[in-house]
Amino acid sequence: MREYENLSTLHTNREPARTHYIPYDSFEKAVAGNPADSAYYQLLNGVWDFAYYARDIDENESAPFTESIPVPSCWQCYGYEDPNYTNVNYPYPVDPPFVPDDNPMGVYHRNITISESWAQRRTYIVFEGVSSHLSVFVNGTKVGTSMGSHLPAEFELTPYLHQGENDLTVKVRKWCLGSYLEDQDFFRFNGIFRDVYLLSRDQDRLWDIEINADDKNIVYTGEGTCTILNQNGTEDDLSSPILWNAEKPYLYTAIIHHGSEFIAQKIGLRKISVSPLGELLINGVAVKLKGVNHHDTHPEHGYYETNDELLQELKLMKSLNMNCIRTSHYPPTPYFLEMCDQLGFYVVDETDIETHGFCTRFPGYVGYDTENMDWICRRPEWQNAYVERAVRMVERDKNHPCVIFWSLGNESGYGENFAAMSQWIHNRDNSRLVHYESANTVGNPDTVDVVSYMYPDLSRTDGFAQSDDMRPVFLCEYSHAMGNGPGDLMDYWRLIYSRPKLIGGCIWEWADHTVLRNGVGLYGGDFNEMTHDGNFCCDGLVFHDRSFKAGTLEAKHAYQPMWSKMENGQLKIQNCYDFTNLNEFTLFWEIETDGKITDSGSLIVDIPPHTAKTVALDYQLPEQCALGCFLNLRLVKGETEFASDQHDLEIRRVSSPLCDSSNTLTLTQEAEYILIHGNGFTHKFNTHYGLLEDVNGLTCGMTQLSVWRAPTDNDRRIKSQWGYLNNDNQSGENFNRLFNKVYDCKLEGNSITVTGSLAGVSRLPFFRYTCVYRFFDDGSIDVNLSGTVRENCIWLPRLGFEFKLPKSAQHFSYFGMGPGETYCDMHHYANTGMYQSSAEVEYVPYIVPQEHGNHYDTRLLKMDNGLTFASDTPFEINVSEYTSEMLTEAMHTNELVKADYITVRIDYKVSGIGSASCGPELIETYRFSEKEIQYGFRISID
């Protein structure tokens with residue numbers, strides 16, 4: 001049996017797990033905390049010699065190295081075999097503990113120099129992350145082995161070294177038995193992808209350090225002396241300690257002195273508990289977790305992210321009002337947790353375990369049938385492999401105040417081995433809660449302290465909140481951010497705030513996973529994989545470059561620390577912070593009338609956490625408006641806006657008089673056309689198709705009445721019921737293969753009345769309508785559509801008219817929700833106002849092209865070529881350089897070619913976005929499921 005398939009050799013000669021630390025040679029250096037300054041630390045990152053073998057058995061140990069690779073890195077990112085994205089399926093047969101006989105291997109080599117002073121001490125090598133099986137050799141002698149890709153492996157090299165130059169070789173195999181425990185939803189990369197370094201230690205070195213801290217004291221019972229410093233760097237009096245929380249992450253520094261070494265640990269005093277109501281308490285205060293799931297992913301470097309890149313991600317999360325991170329689905333680099341301590345995040349630290357692929361070991365999706373002993377979480381011979389991963393995580397991360405939950409892993413069923421993990425953790429550390437979502441598959445036994453679920457709909461979520469089980473309810477994944485979305489966040493958070501036991505949740509997930517080549521984001525299926533899950537990896541709240549989407553800003557709004565409402569003309573503000581008074585911020589307010597600021601001011605509001613107060617604003621209101629009058633609020637600290645709200649003040653709206661005469665018009669019929677002549681304008685109406693074909697030369701083709709939108713990733717389940725896709729000619733209404741039947745087209749006076757229907761190919765008509773066009777002396781046109789949707793028709797993607805405009809008609813202004821794209825369920829972050837934009841600006845480069853650029857609650861659209869659309873009843877607009885058909889057909893951004901015209905949609909309604917790519921179905925409120933339709937708008941010309 002191969003070593004890496006042998007459950008009795010999970011590792012050889014690897015040192016016991018310990019707290020992460022760097023030893024320093026002086027007190028001052030330890031306080032400063034820069035590892036590069038330590039005389040006892042030698043970073044081995046850099047360019048290493050490298051050889052790649054498609055089969056490990058082909059290794060030629062005598063061959064010279066002719067190639068090189070940076071460390072840390074993933075070898076697939078440097079052309080050594082292709083990446084493979086798979087979500088559930090293992091990329092090899094399910095035959096544990098055995099892996100394919102052709103096991104790729106990367107061989108890394110470099111020289112290390114041991115100085116005279118180091119030669120008198122003990123030398124260790126630390127690998128922070130290697131995927132997936134590691135073998136270490138020094139001067140030709142094997143030192144040891146390890147597996148567990150996202151966990152540290154430390155080896156003592158002292159017996160194998162001599163003073164001066166030494167040969168270090170590391171062999172990394174792609175697969176090992178541990179790969180069965182690492183079936184996470186991500187690209188499968190390999191290599192030394194985290195830091196590698198040497199440590200010089202005292203002969204009588206201190207091995208582990210444990211510092212216990214609660215909400216009253218810091219206790220160290222180990223060897224050596226312990227000095228506690230406050231943030232000012234002095235010895236502190238802990239009789240009245242400053243407590244740590246995610247909003248005010250106060251840290252003390254413990255310096256342990258033992259022998260010649262000084263070791264620093266950042267310590268936060270805090271206590272985690274659960275109230276009788278099932279609330280999560282931090283220092284006795286009920287806290288809501290406003291979270292996101294975080295994978296380590298980089299579009300060019302795979303699993304490797306620099307500390308600076310991770311820091312920037314955390315700062316972005318802070319700016320988005322996030323206070324919680326689930327490290328999906330493995331422990332992060334220890335520096336990530338250090339930054340979470342310092343910046344303030346509650347962390348769900350997750351063990352490097354996922355065995356999702358057992359759900360598909362038979363054809364179809366069997367699911368979590370863990371009564372079957374096929375599942376390795378049930379097999380006794382696998383118990384050590386499970387428990388040691390929990391041990392290595394807990395021992396490494398036990399001193400971090402940011403860690404509030406230990407998570408046993410992800411999507412791996414439930415069995416005796418998880419019970420053993422939980423028992424070990426509870427015995428080792430009872431200061432935190434144990435989490436494991438898959439425990440709900442067996443009724444949530446008492447081995448977990450938190451009841452956890454993924455993607456329950458609102459009704460189920462409320463049911464959990466009202467159950468007799470008084471454990472906190474945590475939605476470890478509750479909204480799926482794939483592509484355009486998510487669109488249901490505010491609905492969840494209204495519920496979460498209303499139920500004490502609902503402690504919050506984490507959006508899936510932080511950033512899109514892509515492999516970037518020639519500027520194009522690639523995904524599963526782009527690399528000739530045997531099995532893959534397409535673009536399901538493109539599921540980030542931010543793009544792969546960490547730029548924001550509309551869904552990003554919607555999440556910020558859902559998580560914001562201030563909610564407000566108008567009650568009887570008075571403004572009531574709720575402080576949603578747990579530990580922070582709103583008097584630390586400035587509240588800016590504006591009165592915006594018809595898109596112009598007519599009054600403004602600012603004030604400080606003294607509102608303690610978890611309380612609300614009525615706030616008086618000294619503003620002047622207009623007597624009337626044309627489009628709308630709004631109160632805009634912004635909560636700001638420094639340069640960052642943390643919250644915003646807008647309230648419609650319902651001022652009397654008085655529209656400008658519209659032309660209602662048609663005295664100077666001449667309507668003449670020529671063949672299939674009706675020509676509408678007026679003073680300086682001509683419109684053309686096509687009676688054969690029952691549609692406007694030309695509006696005074698400002699349009700450039702037939703108008704269309706349509707319902708199709710390019711499916712979003714969140715439409716992936718419903719789209720086959722909507723359209724004719726993937727040669728499936730029986731499942732859907734075929735909205736994208738549309739016939740517009742005209743039964744009658746009648747001219748009477750200044751009006752044209754069309755009766756007709758819309759039907760997909762091979763289907764009964766789903767919409768029967770009457771549309772009346774009225775023409776006026778100033779060239780304006782009223783369009784009024786009424787109709788009935790077939791009773792058994794699926795809810796519609798949208799309904800409205802599409803106008804074709806010349807490419808030169810790029811720019812426009814609109815009064816509606818913006819400036820980013822908005823939909824009926826994803827608009828809370830936006831304000832109604834007057835905005836300027838262009839078709840080019842409206843494009844959103846989702847990894848797979850899809851519906852984008854919509855604007856909800858619009859009253860006016862004015863194209864810069866003189867064409868204007870308006871209505872007293874709000875409608876929705878979309879201006880694009882691409883048609884819905886183009887966006888539907890393209891699978892990558894580089895496949896899009898701009899149309900020869902601009903498409904302008906004037907829609908009655910557009911269905912919401914939701915998060916059904918993995919989450920629940922779109923909430924019924926946001927489905928366009930009306931059966932009786934009546935809407936209209938006016939077209940004007942300049």
Side-chain angles (χ1 to χ4, degrees), residues 321 487 489-495 497-498 550 553-577 582-583 585-607 611-637 641-655 814-835 855-860 872-876 912 925-926:
N321 298 313
L489 290 168
M490 286 299 294
D491 300 271
Y492 278 94
W493 278 91
R494 291 186 187 103
L495 179 61
Y497 275 119
S498 72
L553 300 177
E554 187 75 358
K556 176 180 180 177
H557 187 88
Y559 286 171
Q560 71 180 26
M562 177 194 81
W563 285 18
S564 66
K565 59 182 177 179
M566 296 293 290
E567 293 182 333
N568 301 318
Q570 293 185 311
L571 176 66
K572 187 175 184 180
I573 293 179
Q574 171 75 44
N575 183 353
C576 300
Y577 274 124
L582 292 187
N583 62 15
F585 302 81
T586 301
L587 181 67
F588 292 92
W589 59 266
E590 297 173 340
I591 302 298
E592 185 174 356
T593 306
D594 296 340
K596 297 180 180 180
I597 305 303
T598 57
D599 201 356
S600 64
S602 66
L603 70 161
I604 305 296
V605 290
D606 184 5
I607 306 178
T611 64
K613 182 180 290 186
T614 298
V615 175
L617 301 179
D618 184 20
Y619 53 70
Q620 298 293 318
L621 294 179
E623 293 184 0
Q624 63 186 42
C625 62
L627 295 169
C629 181
F630 299 88
L631 169 64
N632 299 332
L633 302 173
R634 296 169 54 241
L635 191 70
V636 176
K637 188 174 187 178
E641 178 184 292
F642 287 92
S644 65
D645 262 339
Q646 184 180 62
H647 300 285
D648 190 337
L649 297 178
E650 299 181 353
I651 301 299
R652 183 168 64 98
R653 289 178 183 158
V654 179
S655 302
Y814 66 98
F815 189 86
M817 300 205 84
E821 60 182 335
T822 54
Y823 295 83
C824 61
D825 64 341
M826 193 176 74
H827 65 266
H828 305 87
Y829 78 94
N831 280 352
T832 299
M834 187 68 78
Y835 298 99
H855 292 287
Y856 176 68
D857 201 28
T858 301
R859 293 185 175 92
L860 174 71
D872 289 335
T873 303
F875 53 95
E876 303 190 40
T925 305
Y926 303 128

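Atoms considered below: every heavy atom in the structure, side chains included; atoms not considered: hydrogens, waters and symmetry mates.
When side chains are defined from C-beta on, Tyr926 does not count as touching Met826, because their heavy atoms never get closer than 4.5 Å. The closest side-chain heavy-atom distance from Leu617 to Leu631 is below 4.5 Å. Counting only heavy atoms from C-beta outward, the side chains of Leu860 and Met834 approach each other to under 4.5 Å. Looking at heavy atoms from C-beta onward, Trp589 lies out of side-chain contact with Leu571 at the 4.5 angstrom threshold. Looking at heavy atoms from C-beta onward, Asp825 lies out of side-chain contact with Glu554 at the 4.5 angstrom threshold. Within the 4.5 Å cutoff, the side chain of Arg653 has no heavy atoms near those of the Ser655 side chain. Side-chain contact check for Thr593 versus Ile651: every heavy-atom pair is 4.5 Å or farther apart. A heavy-atom distance below 4.5 Å is not found between the side chains of Lys565 and Trp563.
Checking Leu582, Val605, Asp606 one by one against Val615, the side-chain contact (heavy atoms from CB on, under 4.5 Å) holds for a single residue, Val605. Here the rule is ring-ring contact (aromatic ring centres under 6.0 Å, His included) with Phe642, and of Tyr577, Phe588, Phe585 only Phe585 fits it.
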As a quick check of understanding, evaluate side chain to side chain contact (heavy atoms under 4.5 Å, CB included) for Glu567 and Thr614, giving each step before the final call. CA-CA 9 Å; Glu567 293 182 333; Thr614 298; 5.8 Å; no

Chi angles and distances behind the side chain to side chain contact (heavy atoms under 4.5 Å, CB included) call for Thr598, Tyr619: CA-CA 9 Å; Thr598 57; Tyr619 53 70; over 6 Å; no

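A donor atom on one side chain and an acceptor atom on the other are not found under 3.5 Å apart for Ser644 and Asn831.
A donor-acceptor pair under 3.5 Å is formed between the side chain of His557 and the backbone N or O of His828. Of the possible polar contacts, one joining the Asp594 side chain to the Ala626 backbone as a donor-acceptor pair under 3.5 Å is found. In this structure, the side chain of Asn321 engages the main chain of Lys556 through a donor-acceptor pair within 3.5 Å. Of the possible donor and acceptor atoms, none in the side chain of Asn632 sits under 3.5 Å from a partner among the backbone N and O of Gln646. Remark: the backbone N or O of Gln620 is paired with a side-chain donor or acceptor of Asp599 at under 3.5 angstrom. Here the side chain of Asn575 pairs a donor or acceptor atom with the backbone of Ile607 at under 3.5 angstrom. The backbone N or O of Ser564 lies less than 3.5 Å from a partner atom in the side chain of Asp645, making a donor-acceptor pair.
In terms of the side chain to side chain donor-acceptor pair (under 3.5 Å) criterion, residue partners of Gln624 (sequence neighbours excluded) are, by chain and number, Arg652.
The number of heavy atoms from other shown groups lying within 6.0 Å of CD (Glu623) does not exceed 12.
Taken from CG in Asp857 to OG1 in Thr873, the straight-line distance is 11.0 Å, to the nearest 0.5 Å. Atoms CD and NZ, from Glu590 and Lys596 in turn, are 15.0 Å apart once rounded to the nearest 0.5 Å. Summarising the geometry, atom CD1 belonging to Ile591 is positioned 5.5 Å from atom CG belonging to Leu621; distances are rounded to the nearest 0.5 Å. Of the inter-residue distances, the one linking Leu489 atom CG with Arg494 atom CZ reads 10.5 Å to the nearest 0.5 angstrom.
Listed here is the closest heavy atom pair of Gln574 and Ala612: OE1-CB, 3.3 Å. Between Glu592 and Gly833, the shortest heavy-atom distance links the atoms OE2-CA, 3.6 Å. Between Pro561 and Leu635, the shortest heavy-atom contact is CG-CD2, 4.3 Å. Considering all non-hydrogen atoms of both residues, Gly818 and Ala830 come closest at O-CB, 3.4 Å. Scanning all heavy atoms of the two residues, the minimum distance from Gln560 to Cys576 falls at O-CB, 4.0 Å.
The six-membered or imidazole ring of Tyr814 lies near that of Tyr835, with a centre-to-centre distance under 6.0 Å.
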